[in-house]
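Some notes on the structure that comes next.
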Amino acid sequence: MKFNSIGLDAKKSSDLSKNLNVLLANFQRYYQNLRGIHWNIKGKRFFDLHVKFEELYNDANIKVDEIAERILTLGGVPLHTFEDYMAKGTVPVGKNITKDEDAIRLIVDSLTELLLLEREILDHAAHANDEGTNSMISDFISEQEKTVWMMKAWLTEDI
């Protein structure tokens, strides 16, 4: 077995980098969705939602950077083109969303997709003995589960 410079199995790290690149592509799509709904939201809840969406896209932007840096730490190369994000992404793309409920639904649907990907990465990270990726993804999951709960409460839907 060959190890990389941080003491992880090189093959498993390479595979994990590929999985993280899929997550990166999806986070970029999620980020763009948040920017779009931040700019385009209309209605009586504009002021509250405009601020909330900005908070969420700032957080997503930080996570994008963390994912890309983890890929580099593992020896991979982060995806960095919109073409790659569209090809690898599965998060729904929200276009011209102006209504509050549609915007919140897009966030819930996007986070649900991200959570599925993250749980898969968590499993791969455990098998690779990669505590760095495990820790990062665990933190993401905890925050996103809470956001889904809050958004579903706003929609008056059960988890």
Task: Heavy-atom pair of closest approach, residues Leu122 and Ser138 - done: CD1-OG, 3.6 Å
Task: Stepwise side chain to side chain contact (heavy atoms under 4.5 Å, CB included) check, Glu69 with Met136 - done: CA-CA 11 Å; Glu69 289 175 353; Met136 179 184 75; over 6 Å; no
Task: Thr90: side chain to side chain donor-acceptor pair (under 3.5 Å) partners, not counting sequence neighbours - done: Asn26, Glu113
Task: Cluster companions of Val93 among Ile, Leu, Val, Met, Phe, Trp, Tyr (side-chain spacing under 4.5 Å) - done: Met86
Task: Exercise: identify the closest heavy-atom pair between Leu8 and Ser13 - done: CB-OG, 3.4 Å
Task: Residues that Ser110 engages under side chain to side chain donor-acceptor pair (under 3.5 Å), provided they are two or more places apart - done: none
Open item on the list: Do Val77 and Val22 land in one hydrophobic cluster if side-chain heavy atoms of ILVMFWY residues count as linked below 4.5 Å?
Closed with: no
TODO: With Arg29 as the cation and Tyr85 as the aromatic partner, state whether NZ or CZ is under 6.0 Å from the six-membered ring centre and within 45° of the axis.
DONE: no
Task: Asn21 side chain vs Ile71 backbone, donor-acceptor pair below 3.5 Å - done: no
Task: Residues Ser142 and Asp139: side-chain donor-acceptor under 3.5 angstrom - done: no
Task: Which atom of Asn61 lies closest to which atom of Tyr31, heavy atoms considered - done: CB-CE1, 3.7 Å
Open item on the list: If I take atom CD from residue Glu143 and atom CG from residue Leu56, how far apart are they, to the nearest 0.5 angstrom?
Closed with: 10.5 Å
Open item on the list: Just to verify, what does His124 make a ring-ring contact (aromatic ring centres under 6.0 Å, His included) with, not counting sequence neighbours?
Closed with: none
TODO: For the residue pair Arg70 and Thr73, establish whether any side-chain heavy-atom pair is separated by less than 4.5 Å.
DONE: yes
- [ ] Could you check if a side-chain atom of Ile6 sits within less than 4.5 angstrom of a side-chain atom of Leu74, using non-hydrogen atoms only?
- [x] yes
- [ ] State which residues pass side chain to side chain donor-acceptor pair (under 3.5 Å) with Lys52; sequence neighbours excluded, sorted by chain then number.
- [x] Glu55
Task: Lys152: partners by side chain to side chain donor-acceptor pair (under 3.5 Å), with sequence neighbours left out - done: Glu157
Task: Set of residues satisfying side chain to side chain contact (heavy atoms under 4.5 Å, CB included) with respect to Asp102, sequence neighbours excluded - done: Ile97, Lys99
Task: Heavy-atom side-chain contact between Val148 and Glu145 under 4.5 Å - done: no
Task: Sequence-distant partners of Phe140, ring-ring contact (aromatic ring centres under 6.0 Å, His included), two or more places apart - done: Phe27
Residues 39-46 side chain polar contacts: donor-acceptor under 3.5 Å, at least two apart:
{"residue": "Asn40", "atom": "ND2", "partner": "Gly36", "partner atom": "O", "Å": "2.9"}
{"residue": "Arg45", "atom": "NH1", "partner": "Asp100", "partner atom": "OD2", "Å": "2.3"}

Open item on the list: Does any part of the side chain of Lys2, heavy atoms only, come nearer than 4.5 Å to the side chain of Asp9, both counted from C-beta?
Closed with: no
Open item on the list: Using salt bridge (Lys or Arg N to Asp or Glu O under 4.0 Å), reason through Asp59 and Lys63 one step at a time and then give a plain yes or no.
Closed with: CA-CA 6 Å; Asp59 179 68; Lys63 285 179 172 59; 2.8 Å; yes
Task: Partner set under ring-ring contact (aromatic ring centres under 6.0 Å, His included) for His127, not counting sequence neighbours - done: none
Open item on the list: Same cluster or not: Leu155 versus Trp149, using hydrophobic residues (I, L, V, M, F, W, Y) connected whenever any side-chain heavy atoms lie under 4.5 Å apart?
Closed with: yes
TODO: Decide yes or no for Val108 and Thr112: does some side-chain heavy atom of the first lie under 4.5 Å from some side-chain heavy atom of the second?
DONE: yes
TODO: Determine yes or no for a side-chain-to-main-chain donor-acceptor pair under 3.5 angstrom, with His38 supplying the side chain and His50 the backbone.
DONE: yes
TODO: May I ask whether Ile107 and Val51 are part of the same hydrophobic cluster, defined by side-chain heavy atoms of I, L, V, M, F, W, Y residues being less than 4.5 angstrom apart, directly or through others?
DONE: no
Open item on the list: Quick check: do Met150 and Lys146 have side-chain heavy atoms less than 4.5 Å from each other?
Closed with: yes
- [ ] Determine, for Asp15 against Lys11, whether the closest basic-nitrogen to carboxylate-oxygen distance falls under 4.0 angstrom.
- [x] yes
TODO: Please round to the nearest 0.5 Å and tell me the distance separating atom CG of Asn33 and atom CG of Leu111.
DONE: 10.5 Å
Task: Gap between atom CD1 of Ile62 and atom CD1 of Ile67 - 0.5 Å precision - done: 12.0 Å
TODO: Check whether any side-chain heavy atom of Pro78 lies under 4.5 Å from a side-chain heavy atom of Leu72, and answer yes or no.
DONE: yes
TODO: Look at the side chain of Ser14 and the backbone N and O of Ala10, then say whether any donor-acceptor pair between them is shorter than 3.5 Å.
DONE: no
Task: Rounded distance (nearest 0.5 Å) linking atom CG of Leu20 with atom CD of Glu66 - done: 12.0 Å
- [ ] For residues Leu49 and Ile37, determine if any side-chain heavy atom of one lies less than 4.5 Å from a side-chain heavy atom of the other.
- [x] no
Open item on the list: Could you measure the distance from the OG atom of Ser17 to the CG atom of Leu24? Nearest 0.5 Å is fine.
Closed with: 11.0 Å
Task: ILVMFWY cluster membership beyond Met1 - transitive side-chain contacts under 4.5 angstrom - done: Phe3
- [ ] Could you pull out the closest heavy-atom pair between Pro92 and Asp109, with the gap in Å?
- [x] CG-CB, 4.1 Å
Open item on the list: I'd like to know if the side chain of Asn134 and the backbone of Asp130 have a donor-acceptor N/O pair within less than 3.5 Å.
Closed with: no
Open item on the list: Could you measure the distance from the CH2 atom of Trp154 to the CG atom of Asp48? Nearest 0.5 Å is fine.
Closed with: 10.0 Å
TODO: Just grab all the ring-ring contact (aromatic ring centres under 6.0 Å, His included) pairs involving residues 87-113, residues at least two apart or on different chains.
DONE: none
